[in-house]
Protein chains: 2
Amino acid sequence: MATLSDLTLNRLALSAPLPLDSGRDLPGVELAYETYGELAADKSNAILLFHALTMDQFVASENPLTGKPGWWQASVGPGKVIDTDRFFVICANVIGGCMGSTGPSSIGPEGKPWGMEFPVITIRDMVRAQVAMLDQLGIGRLHAVVGGSMGGMQALSFAANYPDRAGRVLAIATTARHSAQNIAFHEVGRQAIMADPEWQGGAYYEGGKGPEKGLSVARMAAHITYLSEAGLTEKFGRRLQDRDSKTFGFDADFQIESYLRYQGLSFTNRFDANSYLYITRAMDYFDLAEEHGGMLADAFRQSDARFCLISFDTDWLYTTSDMREVVHALNAVAAPVSFVELSAPFGHDSFLLDVPALDRVMKGFLE
Amino acid sequence: MATLSDLTLNRLALSAPLPLDSGRDLPGVELAYETYGELAADKSNAILLFHALTMDQFVASENPLTGKPGWWQASVGPGKVIDTDRFFVICANVIGGCMGSTGPSSIGPEGKPWGMEFPVITIRDMVRAQVAMLDQLGIGRLHAVVGGSMGGMQALSFAANYPDRAGRVLAIATTARHSAQNIAFHEVGRQAIMADPEWQGGAYYEGGKGPEKGLSVARMAAHITYLSEAGLTEKFGRRLQDRDSKTFGFDADFQIESYLRYQGLSFTNRFDANSYLYITRAMDYFDLAEEHGGMLADAFRQSDARFCLISFDTDWLYTTSDMREVVHALNAVAAPVSFVELSAPFGHDSFLLDVPALDRVMKGFLE
């Protein structure tokens with residue numbers, strides 16, 4: 001498989017150090033990004049897409065590292081729901097990430113990979129970096145910002161902090177605040193990574209193979225939260241994996257075990273463990289109300305955007321109830337908002353999968 | 001802290017090798033058990049209590065290893081809900097366990113700890129061992145069998161396989177079948193243990209410290225499933241741990257992180273990692289319908305017991321819906337059954353906590 005250093009990526013270097021919520025400045029920030037479609041002469045047709053925790057900028061084109069199609073290729077492209085014949089779609093790898101943007105695996109000021117010397121970042125920091133990118137690209141006001149899951153957090157953060165920079169805000173399967181249970185699952189993953197001796201305090205880039213086992217366990221735990229209980233039952237139930245009866249051993253007797261092990265292992269081929277630590281930390285720190293004096297409504301008071309919020313009935317990671325809190329906050333400041341809970345069997349991952357009703361809602365809102 | 005080998009435990013040696021569902025025989029089985037109250041002259045007042053995954057025989061007396069009160073001391077004792085002035089309560093550590101009954105940490109036939117040479121066991125094997133114990137104690141028919149969670153699985157398995165050996169079956173917060181999601185969470189825990197190099201393929205008893213980090217991660221992941229989302233929010237929310245603001249680091253900033261880390265670490269002081277592997281495997285293998293030709297109702301066709309099933313509305317590990325399947329099976333064979341879903345905020349752990357309605361239902365049923 002290719003490694004990141006083999007790849008030629010589209011990158012933009014920010015012209016100034018990036019101020020962070022921690023009070024530190026991040027020097028030498030580069031953002032790796034992809035664009036789809038053409039920017040109109042009046043620059044009115046740009047959509048900024050934010051990616052989720054383990055995704056990247058390859059929304060609608062083959063990921064050169066994995067060779068797989070873009071993660072939203074079904075919805076983004078010429079003639080598709082997010083129509084790149086009409087819109088200019090931009091997606092950047094988040095800072096802290098591992099697909100070409102500056103993160104813990106990047107070379108830091110001391111000439112070696114940052115590792116755990118990389119500053120802890122926030123969702124707002126990720127957004128701030130992307131707004132700096134827009135500024136350098138000469139894009140003022142966006143037609144829309146769009147994101148699901150952590151991408152939705154960025155969309156809400158964008159709306160709160162850059163209230164006049166987007167006409168539409170589309171946030172899917174997300175929340176304005178990580179709950180105790182959300183934090184708990186992430187903490188399990190972080191502890192699994194840090195428990196792996198190959199993690200070496202994060203300094204595994206030169207020579208070590210990295211905490212593959214720990215990262216794999218972290219991915220397995222998280223993956224369960226992306227799927228609904230009913231979906232798991234339908235997809236796997238108690239079916240056995242390539243055998244007629246239980247082996248009375250510790251092999252992956254059940255399909256669900258085999259599936260999870262595969263999810264864990266394959267993740268380690270494409271994701272950096274330290275990036276996983278930093279991005280989950282950013283998500284856990286996310287509390288949009290707290291950033292605005294404890295009143296979520298105040299986060300949206302200055303916004304001139306139209307909002308569309310979408311939840312899924314089987315999503316137990318970021319629930320309809322979480323989303324309703326955002327709706328109530330928007331209502332409190334009389335922001336134009338439409339909200340829909342869609343029925344889909346796939347749990348949180350529904351936003352990435354084939355849900356025709358999602359396509360219809362998105363298309364209508366972005367018109 | 002004391003270690004198991006320091007303790008004098010009540011043990012009973014089974015007089016014959018124990019036949020296992022795997023087809024193997026387990027030789028030299030010992031069961032460590034505790035009793036509370038007095039056995040009546042006619043032996044009619046015995047209640048067999050089954051413990052949950054990480055519990056043990058110390059139901060109503062101080063656990064000599066941890067120095068903590070018995071895990072159900074609030075409900076079992078003189079004048080309590082399970083009144084030991086009236087009933088003779090027996091609880092044995094399950095085979096595969098690590099509190100004195102034969103398990104992977106016990107000395108095997110080759111004169112060293114079994115480790116992963118210990119046979120894979122099932123819930124029915126656990127029950128079979130305890131029935132052999134009853135036989136040796138001269139106890140024929142029990143007044144009742146009682147258990148929560150994995151204890152409830154044993155209670156249902158007992159009812160199915162020894163249909164005339166108990167007058168009452170009380171099963172709390174349990175299921176007749178481990179779901180794909182249940183298996184998935186256990187598999188994460190097993191992979192966390194096996195990923196720890198200190199696990200050493202299970203042969204860590206002589207000299208090694210054992211896979212403490214892996215076991216701790218396993219416990220953390222499981223612990224989340226024992227608590228309700230609402231309970232976590234109420235107990236911890238996003239409150240910070242002994243600090244006024246986020247540290248922008250990877251310490252346990254949030255109370256929930258600190259709590260989970262403590263739960264993980266303290267577990268490693270009292271539980272054997274291999275036992276965790278074997279017992280979770282037994283639970284994952286549990287499918288009472290499968291053992292009876294795929295028809296759950298057939299499991300109960302021979303039973304002459306009265307049943308009481310109790311679920312909790314916030315339990316998302318073994319849900320009311322799981323329990324209802326058992327009720328429908330019992331209805332299908334016209335077994336006398338009462339079923340109640342209790343409201344309690346604590347999730348799955350409600351069966352161990354102070355829920356007055358649970359006490360009332362149990363007391364009434366066991367009269």
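Sequence lines set the chain letters: A, B, ... in the order given, protein chains first and strands last, and positions in each chain run from 1. Heavy atoms only: backbone and side chains are in, while hydrogens, waters and symmetry mates are out.
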Next on the checklist: Heavy-atom cut-off 4.5 Å, strictly under: side chain, backbone, both or neither for A:Tyr285 against chain B?
Outcome noted: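 Backbone plus side chain of A:Tyr285, per the 4.5 Å heavy-atom cut-off to chain B.
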
Item to check | Passing candidate, side chain to side chain donor-acceptor pair (under 3.5 Å) with B:His348, options B:Ser311, B:Ser149, B:Ser228 | outcome: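 So the option named by the test is B:Ser149.
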
Item to check | Qualifying side chain to side chain donor-acceptor pair (under 3.5 Å) pairs with a residue from residues 182-191 of chain B, counting only residues at least two apart or across chains | outcome: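 For residues 182-191 of chain B: A:Glu257-B:Arg190, A:Arg261-B:Glu187, B:Ser179-B:Asn182, B:His186-B:Asp284, B:Glu187-B:Arg190, B:Glu187-B:Gln191, B:Arg190-B:Thr280, B:Arg190-B:Asp284.
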
Item to check | Side chain B:Arg281, main chain A:Gly249, donor-acceptor under 3.5 Å | outcome: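 Yes, the answer is positive, given that a donor and an acceptor are paired below the 3.5 Å cut-off.
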
Item to check | Any donor-acceptor N/O pair, A:Asp315 side chain to A:Leu317 backbone, under 3.5 Å | outcome: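 Yes.
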
Do you know which of [options] has the most heavy-atom pairs with chain A at a distance under 4.5 angstrom?
| options | result |
| --- | --- |
| B:Leu232, B:Leu20, B:Thr122, B:Leu227 | B:Leu232 |
| B:Ile183, B:Thr319, B:Thr233, B:Leu277 | B:Ile183 |
| B:Leu260, B:Val120, B:Val217 | B:Val120 |

Checklist entry - Is the B:Tyr318-B:His178 ring centre distance short of 6.0 angstrom? => result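 Centroid distance B:Tyr318-B:His178: below 6.0 Å, so yes.
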
Next on the checklist: Can you tell whether the side chains of A:Lys209 and A:Asp196 come within less than 4.0 Å, N to carboxylate O?
Outcome noted: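 Looking at A:Lys209 and A:Asp196, the cut-off is not met.
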
Item to check | Part of B:Tyr259 within contact of chain A (heavy atom distance under 4.5 Å) | outcome: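 No part of it gets close to chain A.
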
Next on the checklist: So for B:Glu290, is it side chain, backbone, both, or neither that comes closer than 4.5 Å to the heavy atoms of chain A?
Outcome noted: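 Answer is side chain: those atoms of B:Glu290 sit under 4.5 Å from chain A.
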
Item to check | Contact residues of residues 234-248 of chain A (partner chain B; heavy-atom separation under 4.5 angstrom) | outcome: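 The list, in residue order, reads A:Phe236, A:Gly237, A:Arg238, A:Lys246, A:Thr247, A:Phe248.
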
